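Only one structure is covered here, and it is reproduced in the block below.
Values in this document were obtained by computation on a predicted structure and should not be read as measured data. Every number for a ligand or one of its atoms is a count from 1 in the order of the listing. Below, all heavy atoms of this structure are taken into account, side chains as well, without hydrogens, waters or symmetry copies.
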Amino acid sequence: MATVLRGIASDDEDIEAMAGTHPEIRTFLCRSDNIGVLIRDPATGACAAIDVPEAEPVLRALADTGWRLTDILVTHRHADHIEGIPEVKRATGARVTAPAKAAGAVPEVDVTVSEGDTVRVGDLVAQVWETPGHCADHVTYWFREAGVVFAGDTLFTLGCGRVMESPPETLWQSLTRFLPLPDETQVFSGHDYVLANARFARAADPDNANVNARMAEAERARDEGRFLIPSLLGVERATNPFLRSTEPALARAVDLTPGGDPTAVFVALRAWKNRF
Ligand SMILES: [Zn+2]
């Protein structure tokens, strides 16, 4: 959908101007439920892997596409996001960019990044957000011009990460950063938990017709061996119960007063999901 929206340029000059911001993206499964991603700038041929959960699928995707890996952008230090880095770096010579707060725990780091830093993959430019909550060192890469955000284990399709080493309020603060992004922003998350997340979304937000439609879509995707990644931010705002902590229906679902503090709604939803 994003491509279609951007395809309505009025003349050749506009199309030319936008071409540099149009990445090529390839997603594939790693391990059991990690999502591997390659993003490539067609203008320069630069290409980044977002995390390396496992070397083999990343190297296979590079061989399939013929793309040359120049960069590895790490979202956080958990083993299922970094284990393949040494092998892929040996094979490609890619530069490894990792959160400064995770630098001691990520292998082969060349560049560290913090809140407000900019990362370049050829002509593609990403802003770095520190998005703690799932873990303290987590960062998100937002390619604003390209309309793409790599959310790692912070925001999932229809869900959010588990809170592992911060108060849950910290994760809510991180999730609020996604709320103002344009509807057509493509959200790439680090795992495919779509079906389980859809079941919880339906329990937490049962009167939301959009959630029921999304549940059907998730079941169809499973039957066809696909995953619903990326998701569009506009769809997430309409269906993801955690992003909808500001909505009266979600407050009522956790027995809180509508119009109150969305942080409390989020904390209650996250605790419910842990038991779900
Ligand atoms: Zn993780």
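Closer than 2.8 Å to the Zn ion (ligand 1) sit the protein N, O or S atoms His76 NE2, His78 ND1, His134 NE2, Asp153 OD2.
Trp67 is linked by a ring pair (Phe, Tyr, Trp, His ring centres under 6.0 Å) to nothing, counting only residues two or more places apart in sequence or in another chain.
The side chain to side chain donor-acceptor pair (under 3.5 Å) pairs that include a residue from residues 25-39 are Arg31-Glu83, Asp33-His191, Asn34-Asp80, where partners are two or more places apart or lie in different chains. Listed by first and then second residue, the side chain to side chain donor-acceptor pair (under 3.5 Å) pairs that reach into residues 249-262 are Asp261-Thr263, sequence neighbours excluded.
Between Trp129 and Phe150, a ring centre-to-centre spacing not shorter than 6.0 Å is recorded.
Salt bridge absent: Glu219 and Arg226 never bring a charged side-chain N and a carboxylate O closer than 4.0 Å.
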*asked:* Let's go through Phe200 and Phe242 carefully: what are the C-alpha distance in whole Å and the side-chain angles of both, what is the deciding distance for ring-ring contact (aromatic ring centres under 6.0 Å, His included) to 0.1 Å, and is it a yes or a no?
replied: CA-CA 10 Å; Phe200 178 72; Phe242 298 102; 5.7 Å; yes
